[in-house]
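None of these values were measured; they are calculated from a predicted model.
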Amino acid sequence: MAVTTAPAAWVTELRDALGADSVLTDPDVTASYARDQAMLAPAGTPAAVVLPRSTADVVAVMQVATRHGVPVVPRGAGSGLAGASNAVDGAITLVMTRMDAVLEVSPEDRLAVVQPGVVNKALRDAVAGAGLFYPPDPSSYDWCTIGGNLSTNSGGLCCVKYGVTTDYVLGLEVVLADGRVLRTGRRTVKGVAGYDLARLFVGSEGTLGVITEATVALRPAPQRPVTLAATFATTAQTGQVVERVVTSGLVPSLLEVMDNTCICAVDDLLKADLDRTAHALLVAQSDAGGEAAAAEIEALAELCREAGADFVHTTDDPAEGDLLLAARRMALPALEQLGSTLIDDVAVPRSRIAAFLDGCDEIAASRRLTIGVVGHAGDGNMHPTICFDPTDPDLRERAFAAFDDILELGLGLGGTITGEHGVGSIKVDWLEREIGPVALDVHRAIKDALDPDGLLNPGKVFRASVADLAAVSTLSGR
C-alpha cells in the first residue's frame with residue numbers, strides 16, 4: 001500500500017502536533033519497530049514511528065493519516081506472536097508504550113482504568129495493594145502491554161479458571177480511523193444498552209481503531225497456591241487426566257502441559273533436573289486457599305495416579321511452585337535455543353488434546369523436523385513450536401508446510417487456528433477456512449464501516465478486498 005503524499009509533508013504535520021521527539025524517522029530506529037516476536041511473519045518498513053503521550057495525540061495522528069492516506073499500524077511492546085503489529089511499507093507505526101498510566105484503581109467497584117501502554121505485570125502490582133488481582137497472564141506478562149493484550153484478546157496460564165482478556169473488559173476508549181473518539185462500555189457490573197462495541201474491538205488486532213484507555217474488572221487476590229507436577233509415559237494418559245479434571249468438576253487455577261521435546265529443552269536451559277524420559281509433564285495449581293486448595297490438588301493428584309502417572313509431586317511451598325511455573329514459562333526461550341522458531345497457536349476441544357499431541361508427533365516425523373508442544377491443557381490451547389534453520393531453503397519449506405499441517409490438524413479435530421495469539425499476518429489465508437465466506441463478508445463489512453479507507457493495520461486478520469484497494473487508489477488522487 002503506497003503512501004499518497006511525500007513523507008516530509010505529513011511528517012512535518014505530525015511533528016508540529018506531537019513534538020519532534022515523538023516522531024522518529026531515522027531508518028536505524030524505525031527498523032527496530034518493524035516486527036513483533038513472530039520473527040518469520042512478513043514485515044515491511046515503517047516511514048515513521050510515532051509515540052503518542054495522550055488520546056489527543058492519537059487523534060492528531062489519525063487525522064493526519066486520513067488526510068494524507070497514510071496507513072497506521074498500532075503497536076504495543078511487540079510481544080505478539082502472529083505478526084499483528086508488523087510494519088507496513090511507508091506506513092506510520094503507532095507505538096503506544098508512552099501511554100502507560102494506571103489512571104484509577106477502585107476497590108469498591110473492583111475495577112481499574114488504564115492506558116494501553118501499561119505493562120500487564122505493572123497493573124497486577126498496582127492493584128495488589130488493594131487486595132485485588134487482574135487475572136489475564138500471558139507468558140510475557142512481565143513486559144507485554146494491556147493494549148496489546150486487548151488487541152489480540154490474550155490468554156495465559158490461568159485461563160482455565162479465570163478466562164481471557166475479554167472477560168475483564170468493562171469499557172474502552174477508542175480513536176477511530178477518522179480521528180473521532182468512541183467511548184463504549186460501562187463501569188457497572190451489568191449493562192446491555194446497545195451493541196457490545198467494547199468486545200468488538202477486543203481481538204480486532206488494530207484493524208478497527210486504536211485503543212487509548214480501558215476500564216477492566218478486577219478480582220479478589222488469589223490465595224496462597226498449592227502446586228502439582230506429574231509426568232506420564234503416554235499422551236493418552238495425559239489426555240485422560242485433562243478429561244477427568246473437566247468431568248469431575250475440578251477447576252484448578254492453571255493446568256499446563258509440556259511434551260518431551262519441551263521438557264528436555266527446558267532442562268538443558270535451566271538445569272532443573274526434569275525427567276527427560278517423560279513423554280509429558282503436567283503442572284497444575286489451585287489458588288482456592290488453605291484446605292480447599294490442598295483438597296483440590298490432592299484430587300487432581302489422584303486422577304494422575306489412576307491414569308498411570310510415573311511421578312506425582314505436590315507442594316504448598318510458593319517458592320517451589322514458582323520454580324515449577326518458571327519451567328513452564330521458559331518453554332519458548334528454551335526451544336529458541338534449538339533454532340529459529342515458528343510458533344503455532346491452536347486450540348482444540350479438551351477431549352481431543354491427546355489426539356492433537358499425537359498428530360504433532362506424526363507431523364514432526366513426516367516433515368523430519370523438531371516440534372515441541374507446550375500449552376494450556378486446561379482450556380485446550382496448544383502451542384506447537386517448530387524449530388529449524390531458516391537459512392536452509394529445504395528446512396524452511398518443510399517448516400512452513402508443517403505449520404499448515406498443524407492448523408489443518410487442529411481444524412480437523414474441531415478446533416480453531418488461534419486461541420490467543422491472533423491471526424495477525426501469518427494466518428490470514430486460514431481465517432476464511434475456519435469461519436467461512438459469509439462470516440468473512442461480515443468481517444469486511446464491519447471493517448469498511450469503521451475504516452472505509454483501509455488505513456488501519458492493512459493486511460492483518462484478512463487480506464485487503466477489491467473495495468479496500470479501490471479506496472486507497474481514490475486516496476492517491478487527492
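Evaluation of the salt bridge (charged side-chain N to carboxylate O under 4.0 Å, His left out) rule for Asp287 yields Lys161 as partners, not counting sequence neighbours.
Proximity of Leu172 to Leu150: side-chain heavy atoms (C-beta onward) are separated by under 4.5 Å at one or more points. For the pair Leu51 and Thr97, the minimum side-chain heavy-atom distance is below 4.5 Å. The shortest distance between side-chain heavy atoms of Val119 and Tyr141 does not fall below 4.5 Å. You'll find the side chain of Leu132 reaches within 4.5 Å of the side chain of Arg110, heavy atoms only.
In this structure, the side chain of Glu205 engages the main chain of Val423 through a donor-acceptor pair within 3.5 Å. Between the side chain of Lys271 and the backbone N or O of Asp268, at least one donor-acceptor pair lies under 3.5 Å. Without hydrogens or angle criteria, Asp36 side chain to Ala38 main chain gives a donor-acceptor distance under 3.5 Å.
When the shell of 6.0 Å around CZ of Arg186 is examined, it contains more than 12 heavy atoms from other residues, nucleotides or ligands.
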Inset, instruction - Dump the intermediate steps for side-chain contact (heavy atoms from CB on, under 4.5 Å) on Leu450 and Leu200, then the final yes or no. - result: CA-CA 11 Å; Leu450 293 175; Leu200 174 63; 4.2 Å; yes
Legend entry - Residues Thr212, Glu173; criterion side-chain hydrogen bond (donor to acceptor under 3.5 Å, both in side chains); working and verdict: CA-CA 6 Å; Thr212 51; Glu173 177 185 84; 2.7 Å; yes
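Taking the six-membered ring for Trp and thresholds of 30 and 60 degrees, His443 and Phe462 have ring planes more than 60 degrees apart, a perpendicular arrangement.
For residues 330-343, no residue pair satisfies the side chain to side chain donor-acceptor pair (under 3.5 Å) rule, not counting sequence neighbours. Counting only residues at least two apart or on different chains, the salt bridge (charged side-chain N to carboxylate O under 4.0 Å, His left out) pairs with a member in residues 212-221 are Arg183-Glu213.
Just one residue in the list Tyr168, Tyr134, Phe133 forms a ring pair (Phe, Tyr, Trp, His ring centres under 6.0 Å) with Tyr162, and that residue is Phe133.
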